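A note on names: the letters A, B, ... follow the listed sequences, proteins ahead of strands, and every chain is numbered from 1. As the structure is a prediction and not an experimental result, all values here were calculated from the model.
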Amino acid sequence: MRHRREPLGLSSGRSSAERYNALKGIQDIYPPEVFIWQKVENTAKDVFSTYGFQELRAPIIEATDIFVRSIGETTDIVEKEMYTFSDKAGRSITLRPEGTAPLVRCYVQNHLYNLPSPQKFFYSGPMFRYERPQKGRFRQFYQIGVEALGSSDPKLDAETISMLKLFLERLGLKGLNFEVNSIGCEKCRPDYKNALLNFFSDKMNRLCLDCKRRYEYNPLRILDCKVDECIKLRVGAPQVMDFLCSGCRTHFDVVLSLLHLLNVPFEINTTMVRGLDYYTRTTFEVTTKQLGAQNAVAAGGRYDKLVEEFGGPPTPAIGFAIGMERIVELLQTSNKQDIPNPKVFIATIGAPAEKEALIIANRLRENGIWVEIGYAGNSLKSQLRKADRLSAGYVLIIGDDEISSGKVKWKRLSDGTQGEIPFSEAYDFFQ
RNA sequence: GUGAGUGUAGCUCAACGGUUAGAGCACUGGACUGUGGCUCCAGGUGUUGGGGGUUCAAGUCCCCUCACUCACCCCA
C-alpha cells in the first residue's frame, strides 16, 4: 500500500528555491542549435572573403551620441528601443542597437580611409533593442553585417547584393524575395517628402492614428500602412521614382541592370522604407513568408553621408545586415541539423580496463580523434547504448579478457562488424 | 507602449468542479551475468508558474501577479 508522501524540507523558511531565468527577449544558444549558428557564421566568412571582405571587431558599447546622431533622433530605435545607461563617471553609454555606426566610428577614428578604397569589412555579434519580443524578434539578437566604404560605384551595390544572394544560396535557403528601392539623396529626398506632405495634408483627418504620427516624422511610411482606409487614401500618391534627381536616377538604373547581369531576381518596391535615417539611394531587403510578421532576413543600403557625419572625408558606402535568428529558424525548418559525432567510444568492464581506456583515449586524441569513454561503471549494454545514441563510429571494448590477451575488441556501429587488434596497434587503427 | 492567447513530469501533451493528477518520449535497470538499434517488463520525478478568493471539494471557476507566445508599432 502506498502512503501519502510528506513534503520534504518541512521547516524550510523559503517556499522554494529562487529560479533564475534569462532576461526577457534574451535567449541561450546551445547544442544542437548552436551547430546551425556555426554553419551560418562559417558560410558567411567563406563567402564574404571571396569578395575581399575582412573581419572587423568593433565594441558592443559606445557613447550614446554615436547612435543618436547616425540612426536619427526621431527614429523608434533611438526614441524608445536603446539600452542606455550611465557609467560610473556619469557618461551616457549605449549597447549597440545596430552594427554600422560603431564600424564607421572605428573607420574614421583609425583613419582607415587612408587605405586603398573601397575598404570592405564584415562583422558579427549581438545587438540590443528594448522591444516587446515576438516571433523572430528579440532584445538581444545577432547580426552578421558587411560594409564597403569608399566607392559610390553602382557596381559595388550590385556586387554586394549578389554576394548576399550567394551566401543565402550556400545555406540552401529557398523562397526568398529580393526587394530593391532608391530613396534618393539629400538633394532629392526632401522634394519627395514635401510632395507627400502636400498630397496627404487634406487627408490627414481620415488617416489612422499611426499614420497621423507618421505624417509628422516619416511620411514615407504612410505608403506602407496596412489599414484599409489608408490604403484607399494613398491611391495616386506621388512616387519616389518621379522625384529622384538625375544622379540618383542613373545610379539606380545601373544597379538594376547589373542585378540582371548577375542573375539576381528582384522586385522594385517603392514603398520600402528604412528605419535608419542615414540611408541614401539604394536600399534593399530580403524577405520570406515563412517567418510570420517579422519577414526580413537581411536588409541594407547605401549611406553616402555617414562617414562625413562622423568627421571623416566624403566617403560613400554601402552595407547590409543579416538577422541570424531568422536565418537559423529557416534552416531549422528546412534542413536536417548536422550534429557532430565522436569517432570512437571506449566501453570498459572493470577498473584495470578503465585505466587502459584512458591511456588509449588520450593517445587517439593527441592524433586529433574525438574519443568518448564510458563513465560511472555502467553495464556494457548501457555503454553500447550510449555509444549508439552519440552515433559514434566505433566502439572499443576493453575488459579483463582483453587485458590478459593484450588485444582490444573493436566494433563498427554502422554495420555491427567487429574484430580485435593488439593494444599497441589501436593507436594507428583510426588513422 | 497596446491587444489577444497559453502556463500540468526533463520534453510533447491528457485529466465532466469530485479518491492518492496520468500517458507517450527520454532516462536507468532487467529479459540477454561481456555487445547498441527492434520488442517486452520494471523503476524515479510534479509545490499543476506564484499569491489570494468562491466552494463541502479547485489543475479545473473568479481576481491579482509573473513568465512565455503571437500580433500591432517597429525592425534584422
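Atom CD in Glu329(A) sits roughly 13 Å away from atom C1' in rA76(B) (whole-Å rounding). Per the geometry, OH belonging to Tyr278(A) stands 12 Å off C1' belonging to rC75(B), to the nearest Å. Separating the CG atom of Leu390(A) from the P atom of rC27(B) is a distance of 11 Å, rounded to the nearest angstrom. Rounding to whole angstrom units, CD of residue Glu147(A) and P of rA76(B) are separated by 12 Å. Between Tyr30(A) atom OH and rG10(B) atom P the separation is 14 Å, expressed in whole Å. As a whole-Å value, the separation of Leu23(A) CG from rA67(B) C1' is 13 Å. Rounded to an integer number of Å, the gap from Glu179(A) CD to rA76(B) P is 13 Å.
Base-pair partner of rU33(B): not found among the strands shown (Watson-Crick or G-U wobble, both distances under 3.5 Å). With a cut-off of 3.5 Å on both pairing distances, the Watson-Crick or G-U wobble partner of rC72(B) is rG1(B). Across all strands shown, the partner of rG22(B) is rC13(B), judged by Watson-Crick or G-U wobble contacts whose two distances both fall under 3.5 Å. Partner assigned to rU6(B) is rA67(B), using Watson-Crick or G-U wobble distances below 3.5 angstrom.
A salt bridge links Lys165(A) with Glu169(A); the closest basic N to acidic carboxylate O contact falls under 4.0 Å. In this structure, Glu329(A) does not pair ionically with Arg326(A), as no charged nitrogen and carboxylate oxygen lie closer than 4.0 Å. Under 4.0 Å is where a charged nitrogen must lie from a carboxylate oxygen, and between Asp388(A) and Arg385(A) no such pair does. Checked for salt-bridge contact, Arg57(A) and Glu55(A) meet the test: a charged N lies under 4.0 Å from a carboxylate O. Note on Asp76(A) versus Lys80(A): salt bridge recorded, some NZ/NE/NH1/NH2 to OD/OE distance being below 4.0 Å. Note on Glu131(A) versus Arg139(A): no salt bridge recorded, every NZ/NE/NH1/NH2 to OD/OE distance being 4.0 Å or above.
Across all strands shown, Thr75(A) has no heavy atoms under 4.0 Å from either base or sugar-phosphate atoms. Nucleic acid contact for Leu276(A): sugar-phosphate only, since backbone atoms but no base atoms lie under 4.0 Å from a heavy atom of the residue. Heavy atoms of Ala298(A) sit under 4.0 angstrom from primed sugar atoms or phosphate atoms, though from no base atom.
With both ends at atom P, the span from rA26(B) to rU12(B) equals 15 Å, rounded to whole Å. Across rG50(B) and rG59(B), the matching P atoms stand 11 Å from one another, rounded to whole Å. For the C1' atoms, the distance linking rU45(B) with rU20(B) amounts to 16 Å, nearest Å. The same atom, P, is picked in rA58(B) and in rG1(B); the two are 36 Å apart, to the nearest Å. Comparing the P positions of rG24(B) and rA42(B) gives an interatomic distance of 10 Å, to the nearest angstrom. On the C1' atoms, rA14(B) is 24 Å away from rC41(B), given to the nearest whole Å. Separating the P atom of rC66(B) from that of rC27(B) is a span of 38 Å, rounded to the nearest Å. For the P atoms, the distance linking rG44(B) with rG37(B) amounts to 23 Å, nearest Å.
Here Phe167(A) and Phe48(A) bring their ring centres to under 6.0 angstrom of each other. Aromatic ring centres of Tyr130(A) and Tyr83(A): separated by under 6.0 Å.
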Output one letter per nucleotide in nucleotides 31-44 of chain B: B when a protein non-hydrogen atom lies under 4.0 Å from the base, S when only the sugar-phosphate is that close, - when neither is.
-B-BBBB-------

How does protein reach along nucleotides 69-74 of chain B, written 5' to 3' as B (base within reach of a heavy atom under 4.0 Å), S (only sugar-phosphate), or - (no contact)?
-SBBBB

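Take Phe243(A) and apply the ring-ring contact (aromatic ring centres under 6.0 Å, His included) test, not counting sequence neighbours, and it matches Tyr192(A).
Take the nearest nucleotide of RNA chain B for Ala22(A) and for Ala321(A): the residue whose nucleotide is more 5' is Ala22(A).
The cationic atom of Arg274(A) (NZ for Lys, CZ for Arg) lies less than 6.0 Å from the six-membered ring centre of Tyr279(A) and within 45° of the ring axis.
Just one of Tyr278(A), Phe310(A), Tyr107(A), Phe320(A) meets the ring-ring contact (aromatic ring centres under 6.0 Å, His included) condition when paired with Tyr303(A); it is Tyr278(A).
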